[in-house]
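The block underneath contains the structure these notes are about, expressed in structure tokens.
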Amino acid sequence: MNEYIDRLVAAHNSSFPGAAHPRVFSCPGRINLIGEHVDYNGGHVFPAAIDRAVYLCVSENASGLFRFHDAGFQDSGELPLSLFREGIEVPRVWLYPAGALAALRADWDRGFDLSYLSTIPVGAGVSSSAAITTVTLFAMAKTLGMELDGIELARMGQRVEREYAGVACGIMDQFAVIHGRKDSAILLDTRDLSYEYLYIDPSRVRFVLVNSGVRHSLRESGYNDRRMECESALALLRGLGAKIDHLCDLSPVDFMPLGPSLPPLELRRARHAITENARTLEFLRRMRSGDFSAAGELLYASHASLRDDFEVSIDQMDRLVEWAGGVEGAYGSRMMGGGFGGCTVTMVDAPSAGRFAAEIALKFQEEYGAPPGVLECAIGDGVSELIR
Ligand code: GLA
């Protein structure tokens with residue numbers, strides 16, 4: 001039992017005195033090794049769940065309300081059940097829990113108390129929103145006895161982002177936090193959601209996240225713009241005769257003769273998606289063969305493509321990646337997630353992880369005057385029930 005669960009259950013009992021039989025669930029955040037901005041272009045992504053999670057304690061109440069408590073921020077709120085029956089607009093307060101409750105489209109006839117405690121940094125690009133949404137969906141589905149498989153759950157979580165949070169995201173984050181497995185990354189084909197695990201020996205390779213300190217919000221960032229630009233590139237390529245349903249259906253070789261006919265912006269967006277998909281598959285091959293240095297080179301190449309062609313990086317992340325390249329033990333580094341802030345992910349030789357983290361933090365402090373958040377994360381399991 002970990003200390004967070006004890007803290008959460010204590011907070012739940014004091015916020016909701018007399019709570020009957022609380023159940024406790026958890027859902028991790030995720031990293032993505034490579035395959036960025038391709039999950040809505042029919043490409044391959046390579047995420048993994050991490051050992052940081054949102055914990056949720058649930059119990060039934062007799063008040064006819066959903067009552068919420070955030071044990072980390074000491075914040076509380078409540079929403080009437082009728083709100084969810086009428087299907088009216090989900091309020092922006094408690095957006096993700098409320099969005100999940102609305103997405104379940106259950107016939108709510110009793111209220112519930114839900115307490116949350118998160119160890120996932122917010123705005124760092126490690127999918128804290130997918131974790132909150134997924135743990136709520138998973139917990140309430142279990143509590144109501146609804147049978148939902150992992151893919152239905154992931155699609156429901158994606159709908160919450162799209163319909164209630166206004167982010168036209170792909171399915172990577174939700175998929176990863178549900179299907180995560182200890183010490184394994186997930187190679188997911190987003191065209192048909194087939195996937196395979198790659199075991200990553202934690203005594204050989206670790207992943208270190210360094211936060212740029214710029215809090216990103218996909219809603220306000222250019223995320224939806226990028227999606228539209230990719231759609232425009234796809235339509236133009238089809239107009240040029242490409243028989244494809246997604247950008248990533250094209251190989252870099254097939255794209256070569258078509259690219260120059262695209263306007264410069266669409267050329268850059270399409271080139272990123274198509275080469276990133278190829279890099280992701282090549283990364284799997286190099287990791288399998290145990291050539292971590294060669295695999296790491298693809299992380300640097302992914303960063304360059306996200307910076308130059310997809311234009312979602314920022315200065316701080318470019319600097320962090322550049323510095324990582326000069327630190328001994330770093331195999332490769334790149335910005336991670338949607339971009340416009342958040343963190344970089346660096347693959348490092350496991351025994352060097354601590355030293356890498358210290359060195360990069362020092363460089364950041366010297367340049368920007370404040371230490372960055374650094375997270376040496378381990379790869380963990382997906383959403384689960386902890387106490388019943
Ligand atoms: C965010 C989205 C994902 C994915 C990444 C970029 O995390 O939620 O669906 O598109 O950005 O790879």
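Each ligand, and each atom within it, is numbered from 1 in the order the structure gives.
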Between D318 and S313, a side-chain donor and acceptor under 3.5 Å | yes
Proximal atoms of ligand 1 relative to Y40 (non-hydrogen, under 4.0 Å) | 10 (O)
Considering the heavy atoms of R30, write down every atom of ligand 1 situated less than 4.0 Å from one of them.
-> 7 (O)
With atoms numbered from 1 as shown, which atoms in ligand 1 lie under 4.0 angstrom from a non-hydrogen atom of M172?
-> 4 (C), 5 (C), 12 (O)
Quick one: do the E161 and S129 side chains pair a donor with an acceptor below 3.5 Å?
-> yes
What do you reckon, are the aromatic ring centroids of F84 and F66 less than 6.0 Å apart?
-> yes
Heavy-atom contacts with Y223 under 4.0 Å: which atoms of ligand 1 show up? List them by number with element.
-> 1 (C), 2 (C), 3 (C), 4 (C), 9 (O), 10 (O), 11 (O)
Can the ring centres of H37 and Y223 be said to be less than 6.0 Å apart?
-> yes
Considering the heavy atoms of G338, write down every atom of ligand 1 situated less than 4.0 Å from one of them.
-> 11 (O)
Within the 6.0 Å centroid threshold, strictly below: Y116 and H69 = no
In ligand 1, the atoms that come under 4.0 Å of a heavy atom of G170 are 9 (O)
